[in-house]
Amino acid sequence: MTITSPHLGSPSSAWTDARLLYALEEVVEQELNRHLKVTKDWMPHEYVPWSDGRNFPGLFEDGEAWEKGQSKVTEIGRIALVVNLLTEDNLPSYHHEIASLFGRDGAWGTWVHRWTAEEGRHGIVMRDYLLASRAVDPDQLEQFRMAHMSEGFESDNRHSMLHSVAYVSFQELATRVSHRNTGHQSGDPVCDRMLARIATDENLHMVFYRNLLKAAFELAPDLTMMAVRDVIVNFRMPGHGMPGFERAAAQMAIGEIYNMRIHHDDVIQPVLRYLKVLEIDGLGPEGLKAQEELGLYMAGLDAEASKFDEKLAARKARMAARAAGA
């Protein structure tokens, strides 16, 4: 089946990144205008408990060394906060990636810079909160930041504008979910409010990209279906290269901040359902194959998530039994 663009008169097999960028420019402008109407500016400094802050050792004679007991944040909250902040810290690399793919001109460029400015707030407020509340070891946090940023970030999807749009449609929601769950598990209402504010931004970013992905399905359904399949099957969070990420991710999975069940139920499925990805018809052979493979993958992911659920329930039962016998 041949899909013809109302803008370019090009068959879907002829789509290039440049053609897609041009064809989607009007949608980007519409979504940008919608985003600017619904988003609300906020001040990072208003979410930080500055009165809790005090000097650390160094230039100040009254500096007090960091200890875990100085903060009310839970252990799992501390782990997740570090992962989430280090992920936000690589914003310069993310900006470079999307500016290179989407360009710096027109509506695309305006969105790239606006998104970067909004994301910048997240790193600012999280670091200020962590230092003022003494929730994490400041020396270790800075060592991790230097190591992580020195490596930089290269997206798995940098080869394709369409793959990148598909990826961020899911990744922004994943980030929202991770922040919200971290806030709920942090043990500190101040932290919870801060992360809820960040999560609101991430959700609006997801809506922008999700609506753009919807327009891409209308323009080039086969290519978009293939991109969505590739992204979901090979999905990795952008923080995967940070120091100790595998161990932290495992702890966050057990702590129910982000795991396979959450990934399936709260991240991938909502976007697929909204766009009705598995119900799209009229696809060509390659698009239909990608749709079928995506359906099979989702069924497998659900089955793996169920196995994880069982292991997690058994672990909780063992811990409850130990606590009862103590």
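A cation-pi arrangement is present between R210 and Y274, with the terminal nitrogen or guanidinium carbon under 6.0 Å from the aromatic centre and inside a 45° cone about the axis. Cation-pi contact between R236 and Y167: absent, since separation from the ring centre below 6.0 Å together with deviation from the ring axis within 45° is not met.
In this view, W50 satisfies the ring pair (Phe, Tyr, Trp, His ring centres under 6.0 Å) rule with no residue, not counting sequence neighbours. By the side-chain hydrogen bond (donor to acceptor under 3.5 Å, both in side chains) test, W66 pairs with no residue at all, sequence neighbours left out. Qualifying side-chain contact (heavy atoms from CB on, under 4.5 Å) partners for D266, counting only residues two or more places apart in sequence or in other chains: V177, I262. Partners of H159 according to the ring pair (Phe, Tyr, Trp, His ring centres under 6.0 Å) rule, which considers only residues two or more places apart in sequence or in another chain, are H163. For H96, there are no side-chain hydrogen bond (donor to acceptor under 3.5 Å, both in side chains) partners, not counting sequence neighbours. For A107, the side-chain contact (heavy atoms from CB on, under 4.5 Å) criterion is met by E25, V28, E29, not counting sequence neighbours. Here I124 pairs with P44, D128 under the side-chain contact (heavy atoms from CB on, under 4.5 Å) rule; sequence neighbours left out. The side-chain contact (heavy atoms from CB on, under 4.5 Å) check on S51 picks up nothing, with sequence neighbours excluded. Scored by the ring pair (Phe, Tyr, Trp, His ring centres under 6.0 Å) test, H113 finds H95 as partners (sequence neighbours excluded).
Residues L204 make up the rest of the hydrophobic cluster containing V38, defined by ILVMFWY side-chain heavy atoms closer than 4.5 Å, directly or through other members.
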In a table with atom names and distances, give each donor-acceptor pair under 3.5 Å that connects a side chain of residues 298-309 to protein atoms at least two apart or in another chain.
| residue | atom | partner | partner atom | Å |
| --- | --- | --- | --- | --- |
| D302 | OD1 | R261 | NH1 | 2.8 |
| D302 | OD1 | R261 | NH2 | 3.2 |
| S306 | OG | R261 | NH2 | 3.1 |
| S306 | OG | D302 | O | 3.1 |
| D309 | OD2 | R261 | NE | 2.9 |
| D309 | OD2 | R261 | NH2 | 3.4 |

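Residues N84 and T182 have side chains that bring a donor and an acceptor to within less than 3.5 angstrom of each other.
Within the 3.5 Å criterion, the main-chain N or O of M161 finds a donor-acceptor partner in the side chain of D17. At least one donor-acceptor pair under 3.5 Å links the side chain of T74 to the backbone N or O of Q185.
Under the 4.5 Å side-chain criterion, counting only non-hydrogen atoms from C-beta, E172 is in contact with E119.
Taking the six-membered ring for Trp and the full ring otherwise, W111 and F102 have centroids separated by 6.0 Å or more.
Within the structure, the salt bridge (Lys or Arg N to Asp or Glu O under 4.0 Å) test picks out the following pairs touching residues 33-47 (sequence neighbours left out): E31-R34, D41-R114, D41-R121.
Residue D62 holds its CG atom at 11.0 Å from CZ of R54, rounded to the nearest 0.5 Å.
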